[in-house]
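Written out below as structure tokens is the structure these notes cover.
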Amino acid sequence: MSENKSGQRLGQAFWIGFWVLLLLLLTVLFNQWQEGRRYPNQDPVTLREANSRTLELQRNQQGHYIAHGSINRVAATFLVDTGATDIVIPAKQALRMGLTMNQPGRARTANGVITVYRTRIDELRLGPLVLRDLNASINQHMDGDILLGMSALQRLELRQHQGVLSLTQRIP
């Protein structure tokens with residue numbers, strides 16, 4: 001009888017372990033699916049021609065264009081924001097990137113007027129696109145992705161069509 005109880009306990013332990021592993025696997029798969037919806041540009045389309053480079057970004061589930069790149073060779077995630085005058089970097093990320101907070105300025109945001117600090121970016125990379133010597137702002141009140149504003153976007157050609165934003169850099 002004790003062998004039978006022992007076998008039942010082993011069987012129950014097996015099934016409990018099976019269901020726990022299955023739930024963990026489903027959780028991981030669900031999180032990957034959600035991440036893919038938020039960041040659909042893990043491997044964006046890039047086009048290179050003799051006189052231009054183009055990066056094509058898919059719109060995410062919220063209708064935003066988000067892409068991975070770097071600032072001064074430090075990994076960064078950018079949210080394309082044509083309403084932002086500058087590239088806007090959260091202070092924690094700016095510190096990690098070695099950017100200095102220069103003169104303070106005022107910026108009007110959706111949350112009101114705030115103090116930001118001017119800085120310069122030596123190099124910004126986004127796929128095949130390389131931009132140098134850019135104005136940017138450091139925002140101490142901001143978390144999340146870096147806003148890729150007009151101080152960078154004005155150097156590119158933008159074309160949006162059917163959920164795809166094409167950013168093209170002309171090469172002289």
Pairwise distance [atom1]([X]) to [atom2]([Y]) - rounded to 0.5 angstrom:
X	Y	atom1	atom2	result
Arg73	Glu123	CZ	CD	4.5 Å
Met97	Ser70	CE	OG	8.0 Å
Asp145	Asp81	CG	CG	11.0 Å
Thr82	Gln160	OG1	CD	9.0 Å
Phe78	Leu148	CZ	CG	6.0 Å

For residues [X] and [Y], report the shortest heavy-atom separation together with the two atoms involved.
X	Y	result
Arg132	Arg125	NH2-NH2, 4.3 Å
Gln169	Pro128	OE1-O, 4.3 Å
Pro90	Gly144	CG-O, 3.5 Å

Going by side chain to side chain contact (heavy atoms under 4.5 Å, CB included), [X] matches just one of [options]. Which one?
X	options	result
Ile89	Ile71, Leu95, Asn139	Ile71
Arg53	Leu156, Leu167, Leu129	Leu129
Ser151	Ile121, Leu124, Ile87, Val88	Ile87

I would like to know whether Ile146 and Leu79 meet side-chain contact (heavy atoms from CB on, under 4.5 Å); could you show each step before the answer?
-> CA-CA 6 Å; Ile146 294 168; Leu79 169 67; over 6 Å; no
Pair Gln58-Tyr65, side-chain hydrogen bond (donor to acceptor under 3.5 Å, both in side chains): steps then yes or no = CA-CA 6 Å; Gln58 299 289 321; Tyr65 295 100; over 6 Å; no
State which residue, out of Asn102, Thr100, Asp133, fulfils the side-chain hydrogen bond (donor to acceptor under 3.5 Å, both in side chains) condition with Arg120.
->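 Among the candidates, only Asp133 passes.
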Begin with the C-alpha distance, continue with both residues' side-chain angles, and end with the deciding distance and a verdict on side-chain contact (heavy atoms from CB on, under 4.5 Å) for Arg118 and Met101.
-> CA-CA 6 Å; Arg118 307 291 305 150; Met101 292 187 351; over 6 Å; no
Is a side-chain donor-acceptor pair under 3.5 Å present for Thr168 with Arg159?
-> no
Answer yes or no: is there a side-chain heavy-atom contact under 4.5 Å between [X] and [Y]?
X	Y	answer
Leu165	Glu56	no
Ile138	Leu99	yes
Arg170	Glu157	yes

With distance as the sole test, does Asp122 use its side chain to make a donor-acceptor pair with the main-chain N or O of Asn72 at under 3.5 Å?
-> no
Go through the steps to decide whether Ser137 and Asp86 satisfy the test side-chain hydrogen bond (donor to acceptor under 3.5 Å, both in side chains), and finish with yes or no.
-> CA-CA 6 Å; Ser137 297; Asp86 279 338; 3.0 Å; yes
Please lay out, stage by stage, how Leu134 and Arg155 fare under the test side-chain contact (heavy atoms from CB on, under 4.5 Å).
-> CA-CA 10 Å; Leu134 297 160; Arg155 298 187 186 185; 3.4 Å; yes
List the steps, then state whether side-chain contact (heavy atoms from CB on, under 4.5 Å) holds for Leu153 with Met150.
-> CA-CA 5 Å; Leu153 296 174; Met150 292 308 295; 3.9 Å; yes
